Amino acid sequence: MSPSAFVVAANRLPVRWSEASESWESSPGGLVSALRPILEERRGTWVGWTGQPGLDLAPFDHDEIRQHPVTLDAAEIGDYYHGFCNATIWPLYHNAIRTPEYHRHWWRPYETVNRRFAAAICETMAPDGTAWVHDYHLQLVPALVRERHPASRIGFFLHIPFPPIELFGYLPWRREVLRGLIAADVLAFQTRQSVVNFTEAAVRFLNACPVEDGLDHDGRFVRLQWSPIAVDTEGIERLARSPDVAAHATSIRSRLGDRKIVLGVDRLDYTKGISNRLRAVETFFERYPDAASACAFFQIAVPTRQAVADYVEMRERVERLVGRINGRFGRPGMTPITYAYRSLPLDELVACYRAADVMTVTPFCDGMNLVAKEYVATRFDLSGVLVLSEFAGAAVELEEALLVNPCDIDWLAATLDRALRLPDEERGERMAKLRSQVAEYDVFAWSRRCLEALDAAALQSL
Ligand code: ADQ
């Protein structure tokens, strides 16, 4: 098989095995749609894990994208994925909201799996090809690919925040991680703050030298780039305008009693601030008489990392809170909070966005948060209000949202009241500005921005 000039590597392949149809199905998502044209044009390959333990498969084509599976066994899924990725790096990079755990027996499998990904990339990529590596699971990969294919171009995109040096410095393998990343040609982050944080860590722990737009390290230049990820704005708006979605949105509204609808949509993750949001809803119902009968709060929680005890406990806590609030404020035929613990197909999700008068996105810390941008993309009639945490990467661009501190329950409760009573004119003006932001800079603009920087790195090295 001829080598690929362009390889994308991420923890997961963009396909899932469906038991029902006994075939691979494309995973929905903006990243895949943004990369599809580039993968097709450059005859690219996607390297990633299938999501199933021990499954050892040869490369195959799906939906015109070459899939190159990487095998992980059950022990590696425990130590590399649930351990180092999601119990060390995830909490550490999200401001240590949970205490990160540092275990040598997790670090070694992380190294091993990163080596396996790098080997898979080198196997499939031409020696002068381009590899675009994604996220915190694969931070050692740039250096490992560079070792074997020194003439390749390597880009890395971090989907989550890069933490301040006071936190990153705790990582026992901080130098190894930095050396892994700094071997890229372009390192891209969701926010300028992450660029600053990475620069400080590389200067302190690797003696890298800041230069314009990047760093010099060991005689090499690495470009640091601020590249906030975005959504397929046009595609989402098209769906939002479709008659089926409109009919579904109307039926959601009528099933919720034709009250004002406040929506929350998140993976059930402790970074997302779901409990605080619910506590704010409770305070709102306490403080503003009739609020519980005038508005319905709808929380959709997507199952995630269900094997991890912390996530199981969080689910119980959230569900207890929902029960308590409904117990306090509900009446026969009127449930203040509707809660769904499941993943939805995109058209149903968009119908929920269309049904919502107010969208609440209140993470304690979030690389970007695509839900906020998706909601805005669906508001073609300029209706709707976005309540957004200052601590989501999206807040940098979506300044016209009603910004909140998710730890300030009183502020959050007061903002719910304000959002529901925002004068039409102000609401329309804010939404128009938000919409021009997501229209101008969509997921295709994002991938162009990242890949142009990588192509420029290729020219510089000629
Ligand atoms: P996530 O933490 O997963 O991503 P987010 O940016 O909100 O967070 O993306 C979630 C995606 O899942 C959205 O595209 C949304 O449509 C989808 N989704 C949400 N609820 C759903 C539901 N009930 N059913 C089906 N789909 C649902 C990480 C980082 C983020 C960063 C992204 C992309 O943590 O900060 O924005 O990567 O870089």
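As the structure lists them, so they are numbered: ligands from 1, and atoms in each ligand from 1. On a predicted model such as this, the values are computed, not experimentally measured, just so you know. Below, all heavy atoms of this structure are taken into account, side chains as well, without hydrogens, waters or symmetry copies.
A cation-pi contact, defined as under 6.0 Å to the ring centre and within 45° of the axis, links R315 to Y341. A cation-pi arrangement is present between R449 and W226 under the rule of less than 6.0 angstrom and at most 45 degrees off the ring axis. Taking the ring axis of F380 as reference, the NZ or CZ atom of R354 stays within 45° of it and closer than 6.0 Å to the ring centre.
Only one option out of R223, R146, R153 pairs with D185 in a salt bridge (Lys or Arg N to Asp or Glu O under 4.0 Å); it is R146. Exactly one residue among T112, N11, N114 makes a side chain to side chain donor-acceptor pair (under 3.5 Å) with Y80. That residue is N11.
Close N/O approach between H94 and ligand 1 is not found [any backbone or side-chain N/O within under 3.5 Å]. Considering backbone and side-chain atoms together, G367 places an N or O closer than 3.5 Å to an N or O of ligand 1. Polar contact with ligand 1: present for M368 (N/O pair, distance under 3.5 Å). Remark: ligand 1 and F157 share no N or O pair separated by less than 3.5 Å (distance only, no angle test). At under 3.5 Å, a nitrogen or oxygen of H159, whether backbone or side chain, sits near a nitrogen or oxygen of ligand 1.
Taking a cut-off of under 4.0 Å to the non-hydrogen atoms of R342, the atoms of ligand 1 that pass are 23 (N). Atoms of ligand 1 found under 4.0 Å from any heavy atom of E374 (numbered from 1 in listed order, with element): 13 (C), 14 (O), 15 (C), 16 (O). Distances below 4.0 Å separate heavy atoms of Q190 from the following atoms of ligand 1: 31 (C), 38 (O). Interface atoms of ligand 1 facing R267, defined by a heavy-atom separation under 4.0 Å, are 1 (P), 2 (O), 3 (O). Proximity to W90 (heavy-atom distance under 4.0 Å) selects the following atoms of ligand 1: 34 (O). Close contacts of ligand 1 with K272, meaning ligand atoms under 4.0 Å from a residue heavy atom, involve 1 (P), 2 (O), 7 (O), 8 (O). Within ligand 1, counting atoms from 1 as listed, the ones closer than 4.0 Å to a heavy atom of I300 are 23 (N). Close approach of ligand 1 to I229 (heavy-atom distance below 4.0 Å) involves ligand atoms 33 (C), 38 (O).
Counting only non-hydrogen atoms, the option in V302, L370, T271, L349 that gets closest to atom 17 (C) of ligand 1 is L349.
Applying the side-chain hydrogen bond (donor to acceptor under 3.5 Å, both in side chains) test to Y136 and every residue at least two apart in sequence or in another chain returns N86, R305.
D408 has no carboxylate O lying under 4.0 Å from a charged side-chain N of R277, or vice versa, which leaves the two without a salt bridge. The residues R317 and E313 are annotated as not salt-bridged, no charged nitrogen and carboxylate oxygen being separated by less than 4.0 angstrom.
Rounded to the nearest 0.5 Å, atoms CD1 (I325) and OH (Y339) are 12.5 Å apart.
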